[in-house]
S.K.: 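Below is a structure I'd like to ask you about.
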Amino acid sequence: MADKDGLKVQKNYHIDVPFKTNGNLHVKGAANLDWGMKKHLTNIFNPKTGNTVMFAFDHGYFMGSVSGLERLDILIPQLMDHVDVLMATRGALRTCVKPNFKKGIALRVSAGSSMINEDLSHELISVDIEDAIRMNADCMAVQTFIGADGQLSSIDNLSKVINAGNRYSIPTLGVIAVGKNMERTAQYFKLATRIVAELGAHIIKTYYCDDFEEIVAACPVPIVVAGGKKLSEKDALLMAYKSMQGGARGLDMGRNIFQSNNPVEMADAIGKIVHKKFTDKEAWEYFREKTKK
Ligand code: R5P
């Protein structure tokens with residue numbers, strides 16, 4: 001292992017230089033994958049724009065029935081035509097999503113914590129690869145806790161899921177967790193996203209922060225940005241716009257969609273930024289117009 005004290009400060013991210021080994025595929029870092037992987041990634045990332053709007057409603061796996069997700073059977077049919085991917089647990093998908101849903105599925109496969117735990121960083125793999133195959137998952141989502149108490153077990157989980165997914169051509173989505181003691185800085189996210197990508201994750205979910213374009217440049221697979229706690233719609237659209245400007249290939253948003261008073265219009269406004277190159281101001285105007293009483 002390299003001597004960590006002798007490391008130079010990273011500085012040249014060549015932000016303006018496009019990724020060099022993409023071949024003719026629209027998904028970063030996927031050119032050398034096999035057909036099955038590419039097919040699943042194409043179900044997630046729109047081939048016309050290379051981007052995606054993922055709707056995350058997997059919160060129940062550790063938060064129970066969060067405000068806004070009390071009735072998945074009512075909410076999901078309203079939203080499913082307005083996003084590209086549903087990110088959820090197998091329990092939510094099997095009970096509340098009609099199998100005629102033709103878009104992407106990001107299946108949550110790690111679990112083990114709950115809101116009443118002090119330390120959320122200890123998880124295990126809760127879904128077998130066979131069940132992910134049965135559910136036709138386009139990717140498997142694993143929480144990773146870099147720098148936390150549960151780092152080792154979360155890397156073990158991630159590696160096992162990647163190894164199993166590689167056997168059956170199902171990509172893995174590495175979700176970068178932030179805990180109480182983890183800073184939301186570019187330095188931290190650069191470290192965490194790069195570790196998870198080098199371990200073989202095919203997509204990374206992380207948070208937006210200053211110098212986001214450096215995180216993207218140093219990460220050889222696509223980054224989708226997490227929504228996080230509920231913001232005003234205007235602020236959430238700004239965060240979405242800044243993320244896309246910084247090189248994100250989409251948003252994986254939960255509370256900022258389902259806790260909005262107008263979740264469908266919010267999902268559409270995010271879609272305008274992600275796929276139609278709207279600025280945050282244009283998307284906000286669109287949202288206001290659509291929700292005018
Ligand atoms: C985050 O760690 C988990 O993946 C979630 O439960 C979820 O995806 C979070 O979405 P949001 O922060 O946008 O509500």
Side-chain angles (χ1 to χ4, degrees), residues 18-19 21-58 76 78-88 93 97 100-107 135-141 165 169-175 197 201-206 208 212-213 216 219-227 236-237 239-254 256-257 263-280 282-283 286-287 290:
F19 189 66
T21 48
N22 238 19
N24 56 8
L25 197 74
H26 61 289
V27 182
K28 189 177 187 182
N32 300 324
L33 300 176
D34 82 322
W35 190 89
M37 281 275 186
K38 287 176 177 164
K39 178 76 175 78
H40 282 304
L41 289 166
T42 299
N43 286 349
I44 295 170
F45 295 97
N46 180 323
K48 288 197 187 119
T49 64
N51 299 333
T52 187
V53 178
M54 301 176 79
F55 175 52
F57 59 103
D58 57 336
I76 305 309
Q78 291 168 19
L79 273 168
M80 59 191 230
D81 291 337
H82 300 264
V83 298
D84 301 306
V85 176
L86 297 180
M87 178 182 185
L93 288 167
V97 178
N100 65 0
F101 178 73
K102 291 194 176 66
K103 299 175 180 177
I105 293 290
L107 179 65
M135 299 200 70
N136 203 16
D138 291 299
C139 68
M140 297 177 286
S169 291
I170 303 182
T172 297
L173 166 62
V175 181
H202 305 88
I203 312 167
I204 311 278
K205 172 175 175 171
T206 191
Y208 178 78
F212 184 73
E213 58 286 350
V216 169
C219 181
V221 297
I223 290 186
V224 292
V225 170
L237 293 171
M239 193 264 290
Y241 176 66
K242 289 206 279 194
S243 301
M244 296 306 291
Q245 289 297 106
R249 298 321 306 228
L251 275 293
D252 185 3
M253 209 171 236
N256 279 291
I257 293 177
V264 168
E265 291 77 9
M266 188 58 186
D268 284 343
I270 294 289
K272 297 288 181 195
I273 293 172
V274 168
H275 293 303
K276 301 287 185 195
K277 294 189 163 46
F278 274 34
T279 64
D280 58 303
E282 290 167 332
Y286 170 88
F287 177 81
K290 292 286 173 187

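Note: hydrogens, waters and symmetry copies are ignored here, and every other heavy atom, side chains too, is used.
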S.K.: If I compare all heavy atoms of L93 with all of A88, which pair ends up nearest, and what's the gap?
M.R.: CG-CB, 3.8 Å
S.K.: Just verifying a value: how many Å separate N32 CG and M37 CE, rounded to the nearest 0.5 Å?
M.R.: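 Those atoms lie 12.5 Å apart.
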S.K.: For V53 and G271, which heavy atoms make the closest approach, and how far apart are they?
M.R.: CG2-CA, 3.8 Å
S.K.: Taking all non-hydrogen atoms of both residues, which atom of H82 and which atom of V264 are closest, and how far apart?
M.R.: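 So the two residues come closest at CE1-CG1, 3.4 Å.
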S.K.: For a side-chain contact (heavy atoms from CB on, under 4.5 Å) check, start with the C-alpha distance between I270 and M253, then their side-chain angles and the critical distance, and finish with the verdict.
M.R.: CA-CA 9 Å; I270 294 289; M253 209 171 236; 3.6 Å; yes
S.K.: Closest heavy-atom contact between V225 and A248?
M.R.: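 Result for this residue pair: CG2-CB, 3.8 Å.
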S.K.: Carefully, step by step, assess K38 and V27 under the rule side-chain contact (heavy atoms from CB on, under 4.5 Å).
M.R.: CA-CA 8 Å; K38 287 176 177 164; V27 182; over 6 Å; no
S.K.: Measure from the side-chain N and O atoms of K103 to the backbone N and O of D81, and report whether any donor-acceptor pair falls under 3.5 Å.
M.R.: yes
S.K.: Verify, without hydrogens or angle tests, whether T52 (side chain) and I44 (backbone) share a donor-acceptor contact under 3.5 angstrom.
M.R.: yes
S.K.: Rounded to the nearest 0.5 Å, what separates atom CG in N46 from atom CG in D84?
M.R.: 6.0 Å
S.K.: Does the side chain of V224 reach to within under 4.5 Å of the side chain of F45, using non-hydrogen atoms?
M.R.: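 A side-chain contact under 4.5 Å exists here.
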S.K.: Check whether any side-chain heavy atom of V85 sits under 4.5 Å from a side-chain heavy atom of D138, and report yes or no.
M.R.: no
S.K.: Assess whether side-chain contact (heavy atoms from CB on, under 4.5 Å) is satisfied between M266 and L237, documenting all intermediate values.
M.R.: CA-CA 9 Å; M266 188 58 186; L237 293 171; 3.9 Å; yes
S.K.: Would you please name every residue forming a salt bridge (Lys or Arg N to Asp or Glu O under 4.0 Å) with D58, sequence neighbours left out?
M.R.: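 If we apply the salt bridge (Lys or Arg N to Asp or Glu O under 4.0 Å) test to D58, skipping adjacent residues, the hits are R108.
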S.K.: Ignoring hydrogens and angles, tell me if any N or O in the side chain of K28 forms a donor-acceptor pair with the backbone of C219 under 3.5 Å.
M.R.: yes
S.K.: So, do W35 and K39 sit near enough that their side-chain heavy atoms are less than 4.5 Å apart?
M.R.: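 Yes, their side chains come closer than 4.5 Å.
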S.K.: To the closest 0.5 Å, what do you measure between CD1 (I203) and CG (L41)?
M.R.: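 One gets 5.5 Å once the value is rounded to the nearest 0.5 Å.
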S.K.: Ignoring hydrogens, what is the shortest heavy-atom contact between R249 and G50? Give both atom names and the distance.
M.R.: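 Of all heavy-atom pairs spanning R249 and G50, the closest is NE-O, 3.7 Å.
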S.K.: Answer yes if the side chains of N51 and H275 hold a donor-acceptor pair under 3.5 Å, and no otherwise.
M.R.: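 No, no side-chain donor-acceptor contact under 3.5 Å.
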S.K.: Partners of F278 by ring pair (Phe, Tyr, Trp, His ring centres under 6.0 Å), sequence neighbours excluded?
M.R.: none
S.K.: How long is the straight-line distance from CE of M80 back to CZ of F101, given to the nearest 0.5 Å?
M.R.: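 Between atom CZ of F101 and atom CE of M80 there are 6.5 Å.
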S.K.: Would you say that T49 contacts K277 through its side chain, given a criterion of any heavy-atom pair below 4.5 Å between the two side chains?
M.R.: no
S.K.: How close do V221 and A197 get, heavy atom to heavy atom, and via which atoms?
M.R.: CG2-CB, 4.0 Å
S.K.: Roughly how far apart are D252 CG and I257 CD1, rounded to 0.5 Å?
M.R.: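 Between atom CG of D252 and atom CD1 of I257 there are 9.0 Å.
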S.K.: How long is the span from the CG atom in L107 to the CE atom in M87, to the nearest 0.5 Å?
M.R.: 9.5 Å
S.K.: Mark yes when over 12 heavy atoms from residues, nucleotides or ligands other than N24 sit less than 6.0 Å from its CG; otherwise mark no.
M.R.: no
S.K.: Report the residues that fulfil ring pair (Phe, Tyr, Trp, His ring centres under 6.0 Å) with Y208, sequence neighbours left out, ordered by chain and then residue number.
M.R.: F212
S.K.: Decide side-chain contact (heavy atoms from CB on, under 4.5 Å) for M54 and K205; before the verdict, give the C-alpha distance in whole Å, the side-chain angles of both, and the deciding distance to 0.1 Å.
M.R.: CA-CA 10 Å; M54 301 176 79; K205 172 175 175 171; over 6 Å; no
